[in-house]
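Values below: all heavy atoms of this structure, side chains included; hydrogens, waters and symmetry mates excluded. Starting from 1, each residue takes its place in the sequence as its number. Every number for a ligand or one of its atoms is a count from 1 in the order of the listing.
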Amino acid sequence: MTQHHTPGYQALVCTHFGSWRDLEIRRLERPVLQSGQVRIRVRHAGVGFAVGLFVSGKYQRKPPLPFTPGTEASGEIIECSPDVTHLQPGQRVVAALDWGAFAQETVIMADTVYPVPDALDLRLAAALPITYGTAWGALIGRARLQAGETLLVHGASGALGMAAVQIGRLAGARVIATASTEAKRDAALANGAHHVLPAEATTLAAAVKQLTGHTGIDVVFDPVGGDLFDASLRCLAIEARILIIGFAAGRIPETPSNLLLLKNASLIGYNYGQYIGWGLVDERRRYAGVLQPMLARMLTAFAIKQMPPPLTQHFDFSDWIQALDTTLSRRAIGKVVLDI
Ligand SMILES: NC(=O)c1ccc[n+]([C@@H]2O[C@H](COP(=O)([O-])OP(=O)(O)OC[C@H]3O[C@@H](n4cnc5c(N)ncnc54)[C@H](OP(=O)(O)O)[C@@H]3O)[C@@H](O)[C@H]2O)c1
């Protein structure tokens, strides 16, 4: 008897903006590759906090409906368009996507596809391209974190926070981490933080003073915002840099500029999306020359065990509801990854 294979692949699909619980797994047809694109067999996909915003249509960019969410994937290249010559079918890669990672296959511009060293497990690599790219680019590229400086990381058991703690350690900084529960603080300590503090705005300044004396914090990495951001402004060292990364707490804070003046401090906004084609103008090609070596350096640091493996929590593709629920209900410790 002849075996008939259904063409296409399975993907989690958003048909209308609304609750992420309305997503459904469907079979999609393979699109034809366009110039500059590669097709990847997805093995693992990172789940980010922004997926809820994406699916509800509240993110700064709205994909055309229907679409498949997911912005980080690891896997092997199936096919390259003829003008992509630096990548080959069969190659193990990790990618930062516009959307489309929660699927068995995805198509993506080659600019944001990064070769994975042999010694690095694809299960771990899926946690890296945007999460660690953001933390690395912000701390090293923009804040110019130096060995011996003191780094304060908020949301330290979350995906970005975990990355910031590890990169801070690698850079030789003294890392103070905040998190809301004891289990999360234990995870931050196990991940390499030198000190942990409760994510409590009312006690932060006094606790930091106890740890640093009158010196204060040189670099703040803040993916949380709200009251913790306000409190951080009262913990600063002279010439401090405050990285504004996200507002997981829900409130976008305002800054009394006198506090910056008094400490010769700088506020630095950092939007990784700008470098991977998510800006008003698509500039992924312009920045590929900066990001490709940065990601290569970072992936190598994991491959040669200069950094401990990222903490990941894995879910089967069929358990996507539990995976998204864990991420969006503040329960995740480390990076949630879907095994496709
Ligand atoms: N700037 C960029 O380029 C960039 C890139 C990626 C992501 N982001 C943004 O950065 C933020 C963090 O992303 P992530 O992937 O690290 O998320 P995550 O893994 O969910 O971690 C966020 C952390 O924020 C803290 N938090 C405080 N209030 C919260 C609330 N009401 N709900 C949920 N979490 C809360 C939680 O720590 P505690 O429980 O310890 O307080 C949690 O661990 C998000 O807003 C995301 O959109 C920005």
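- Side-chain contact check for L291 versus T112: every heavy-atom pair is 4.5 Å or farther apart.
- In this structure, of F49, W278, F54, the residue bringing a heavy atom nearest to atom 17 (O) of ligand 1 is F49.
- Annotation for ligand 1: atoms under 4.0 Å from non-hydrogen atoms of Y272 are 2 (C), 3 (O).
- Residue-to-ligand polar distances keep T178 apart from ligand 1: every N/O pair is separated by 3.5 Å or more.
- The protein heavy atom nearest to atom 35 (C) of ligand 1 is R330 NE, 3.6 Å.
- Residue, atom and distance of the protein heavy atom nearest to atom 11 (C) of ligand 1 are P223 O, 3.4 Å.
- Annotation: ring pair (Phe, Tyr, Trp, His ring centres under 6.0 Å) contacts involving residues 200-245, sequence neighbours excluded, are absent.
- Nearest protein heavy-atom neighbour of atom 10 (O) of ligand 1: L160 CD1, 3.2 Å.
- Checking G273, A248, G48 against atom 22 (C) of ligand 1, the nearest heavy atom belongs to A248.
- Proximity to G158 (heavy-atom distance under 4.0 Å) selects the following atoms of ligand 1: 19 (O), 21 (O), 43 (O).
- With a heavy-atom cut-off of 4.0 Å, T134 touches ligand 1 through its side chain alone.
- Distances from atom 42 (C) of ligand 1 to the heavy atoms of E72, Q274, K184, H154 put K184 nearest.
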Checking S19 against R21 for the side chain to side chain donor-acceptor pair (under 3.5 Å) test, could you report, in this order, the C-alpha distance in whole Å, the side-chain angles of both residues, the deciding distance, and whether it holds? CA-CA 5 Å; S19 167; R21 289 180 187 276; 5.1 Å; no
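- Those atoms of ligand 1 with a heavy atom of V224 less than 4.0 angstrom away are 24 (O), 25 (C), 27 (C).
- Counting the atoms of ligand 1 from 1 in the order shown, those under 4.0 Å from a heavy atom of A179 are 40 (O).
- The backbone N or O of T212 lies less than 3.5 Å from a partner atom in the side chain of T215, making a donor-acceptor pair.
- Remark: the backbone N or O of L120 is paired with a side-chain donor or acceptor of R92 at under 3.5 angstrom.
- Side-chain contact between I176 and V153: absent, with no pair of heavy atoms (C-beta onward) separated by less than 4.5 Å.
- Atom numbering of ligand 1 starts at 1 in the shown order; those under 4.0 Å from a heavy atom of F247 are 45 (O).
- Within the structure, every pair that satisfies the salt bridge (Lys or Arg N to Asp or Glu O under 4.0 Å) test and touches residues 61-78, not counting sequence neighbours, is listed here: R43-E76, R61-D98, E72-K335.
- Below 3.5 Å of separation, one finds an N or O of A159 facing an N or O of ligand 1.
- The aromatic rings of H44 and H314 stand perpendicular to each other, their planes meeting at an angle above 60°, with 30° marking the opposite boundary.
- The backbone N or O of T327 lies less than 3.5 Å from no partner atom in the side chain of D325, so there is not a single donor-acceptor pair.
- Of all atoms in ligand 1, listed by their number and element, those nearer than 4.0 Å to a heavy atom of Y270 are 1 (N), 2 (C), 3 (O).
- No side-chain heavy atom of T15 sits under 4.5 Å from any side-chain heavy atom of L65.
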Checking E105 against R30 for the salt bridge (charged side-chain N to carboxylate O under 4.0 Å, His left out) test, could you report, in this order, the C-alpha distance in whole Å, the side-chain angles of both residues, the deciding distance, and whether it holds? CA-CA 8 Å; E105 291 181 17; R30 264 189 174 182; 2.9 Å; yes
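- The distance criterion of under 3.5 Å between nitrogen or oxygen atoms is met by I245 with respect to ligand 1.
- Nearest protein neighbour of atom 23 (C) of ligand 1, counting heavy atoms only, is G155 CA, 4.1 Å.
- Those atoms of ligand 1 that come under 4.0 Å of a heavy atom in S180, given as number and element, are 38 (P), 39 (O), 40 (O), 41 (O).
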